[in-house]
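Any value given below was found using the heavy atoms of this structure, including those in side chains, with hydrogens, waters and symmetry copies removed. Just so you know, ligand 1 is whichever comes first in the structure, and atom 1 is the first atom listed for that ligand. None of the values given here were measured: they were computed from a predicted structure.
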Amino acid sequence: MSRQDITPLFTGVKKHAEQNPIQFHIPGHKKGTGMDPEFRYFIGENALSIDLINIAPLDDLHHPHGIIKEAQELAAEAFGADYTFFSVQGTSGAIMTMIMSVCGPGDKIIVPRNVHKSIMSAIIFSGATPIFIHPEIDPDLGISHGITLDSVERALESHPDAKGLLVINPTYFGISANLEAIVEVAHSYCIPVLVDEAHGVHIHFHDKLPLSAMQAGADMAATSVHKLGGSMTQSSVLNVKEGLVSPKRVQSIISMLTTTSTSYLLLSSLDVARKRLATDGEALIDHTIKLAQQTRAHLNEIPGIRCVGSEILGTKATYDMDPTKLIISIKELSMNGYEVENWLREHYKIEVELSDLYNILCIVSLGDTEEKMEILVQALSELAKAHQRSESLEPKAVYVPNIPTLALSPRDAFYAETEVIRFDESAGRIIAEFIMVYPPGIPILIPGEIISQENLAYIKENLQAGLPVQGPEDATFNTLRVIKEHQAIK
Ligand SMILES: Cc1ncc(COP(=O)(O)O)c(C=O)c1O
């Protein structure tokens with residue numbers, strides 16, 4: 001038995017529950033007896049018996065010194081970090097911690113523009129100034145990749161005083177940049193590299209996958225164990241390498257941003273997921289990669305369907321890829337991605353990870369089987385047969401809007417005096433709210449940016465296609481909140 005086989009946190013919590021203590025503490029449902037019976041029966045007594053809080057025998061995520069400390073140390077060892085912090089507030093919480101650990105008001109942080117909304121939230125909370133790097137756009141697929149080494153070098157030359165560089169690695173679609181080279185150049189300026197590794201918990205555990213943040217020498221990585229590593233939804237880790245960042249500061253900030261009522265179900269699930277990844281991860285991921293590659297090959301035999309593979313590698317932004325992500329381009333069919341998503345739901349009870357105008361994304365994970373993959377192939381063959389484009393039509397041209405100009409810092413815009421105006425009359429004004437398609441939650445507009453006709457057309461196109469455009473106070477999109485303009489008094 002190796003050190004990684006033990007689960008101090010889960011075992012400790014389970015033992016505590018098995019002793020059947022008489023609880024005069026919260027949660028008041030007291031092992032489920034004080035809650036709605038239908039829900040109790042559905043969830044099960046075991047789960048409710050470990051729905052506990054930080055009483056003395058169970059340690060405290062805010063000041064770990066017992067079973068949580070031990071579990072975090074084992075996780076650090078497994079992820080190749082100096083320190084691992086458990087997050088019960090998803091990778092969003094871990095990302096906010098990373099940014100607020102290195103940036104204060106007015107500090108610069110270099111970030112790609114296609115970032116998740118948690119990064120923009122942290123920039124607003126911290127008062128940092130974002131220096132945006134344009135991500136590489138794939139004009140064929142209509143998706144954003146990561147940032148290139150060249151663009152990072154240019155950003156660092158112009159802003160050597162930045163307090164951090166944030167990289168998304170891998171992207172939602174599983175594409176990664178040359179992170180090791182990016183880290184090397186950032187470190188030559190003594191600038192810490194923070195990695196949004198929401199979609200890459202598994203990559204650390206298999207050498208056929210892109211390098212993980214810790215393997216590439218990054219300083220911090222916010223990693224969604226819950227997305228692809230087998231823990232429960234909302235549980236993530238923040239991995240830290242000491243040197244350019246202070247683990248003590250990270251502990252203080254994560255504590256400031258975290259609930260005091262930390263869920264032991266989530267924490268325990270992190271402990272067991274770490275054990276499984278560290279001990280059986282390689283074999284399990286090997287099987288997952290094979291399943292995904294087989295499926296990719298079968299999908300590519302279907303006329304009108306393209307499942308992206310290693311042929312997209314070799315550009316500056318597509319250094320490596322995670323083959324367990326199936327990016328399925330449907331732009332040669334007569335449906336858009338959202339219609340394909342709905343068709344799969346209606347006809348085959350299949351739920352995809354996301355759809356956009358031109359693609360659907362299916363993730364293959366440790367939880368998949370050959371039978372399930374065959375159903376996906378069968379469903380898409382049937383769909384493609386019934387929805388071929390007519391020969392005379394050109395395939396849809398892929399369109400991604402230009403990145404808007406930032407006129408005000410996101411924080412200044414967020415707290416500025418604002419007014420509500422009609423959506424159709426908003427071009428040229430500075431927006432005071434976020435607009436994004438969720439998933440993946442990447443902003444089309446962020447507070448402080450100048451709205452263009454092109455943005456408005458893109459938002460309308462996504463809304464008309466039925467895609468989940470979110471953000472503004474007015475969910476109907478008849479109006480938008482913009483920065484108030486002060487006219488001279490006549
Ligand atoms: C790129 C990226 N970063 C961060 C997050 C936030 O992760 P979480 O949902 O665990 O808070 C997501 C979630 O979808 C994401 O796609």
- side chain to side chain donor-acceptor pair (under 3.5 Å) between Ser224 and Thr91, intermediate numbers included: CA-CA 5 Å; Ser224 296; Thr91 296; 2.5 Å; yes
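- Side-chain polar atoms of Ser255 and His62 form a donor-acceptor pair below 3.5 angstrom.
- Thr7 and Thr11 form a side-chain donor-acceptor contact under 3.5 Å, judged by distance and modelled atom types alone.
- When each atom of ligand 1 is checked for a heavy atom of Tyr172 under 4.0 Å away, the hits are 16 (O).
- Ligand 1 lies nowhere less than 4.0 angstrom from a heavy atom belonging to Gln234.
- Atom numbering of ligand 1 starts at 1 in the shown order; those under 4.0 Å from a heavy atom of Gly90 are 10 (O), 11 (O).
- Within the 4.5 Å cutoff, the side chain of Ile143 has heavy atoms near those of the Asp356 side chain.
- Atoms of ligand 1 lying under 4.0 Å from any heavy atom of His226, numbered from 1 in the order shown and given with element: 8 (P), 10 (O).
- In this structure, His145 has no ring pair (Phe, Tyr, Trp, His ring centres under 6.0 Å) partners at least two apart in sequence or on a different chain.
- Legend: residues meeting side chain to side chain donor-acceptor pair (under 3.5 Å) with His204, ordered by chain and number and at least two apart, are Ser212.
- With a 4.0 Å cut-off on non-hydrogen atoms, Ser92 touches ligand 1 through its backbone as well as its side chain.
- Of the polar atoms of Ser118, none of the N or O atoms is found under 3.5 Å from an N or O of ligand 1, judged by distance alone.
- Ligand 1 has an N or O atom lying under 3.5 Å from an N or O atom of His199, backbone or side chain.
- Heavy atoms of Ile95 found under 4.0 angstrom from ligand 1 belong exclusively to the side chain.
- The parts of Thr91 lying near ligand 1 are both backbone and side chain, judged by heavy-atom distances below 4.0 Å.
- Of the residues listed (His116, Lys117, Gln234), the one engaging Ser92 in a side chain to side chain contact (heavy atoms under 4.5 Å, CB included) is His116, and it is the only one.
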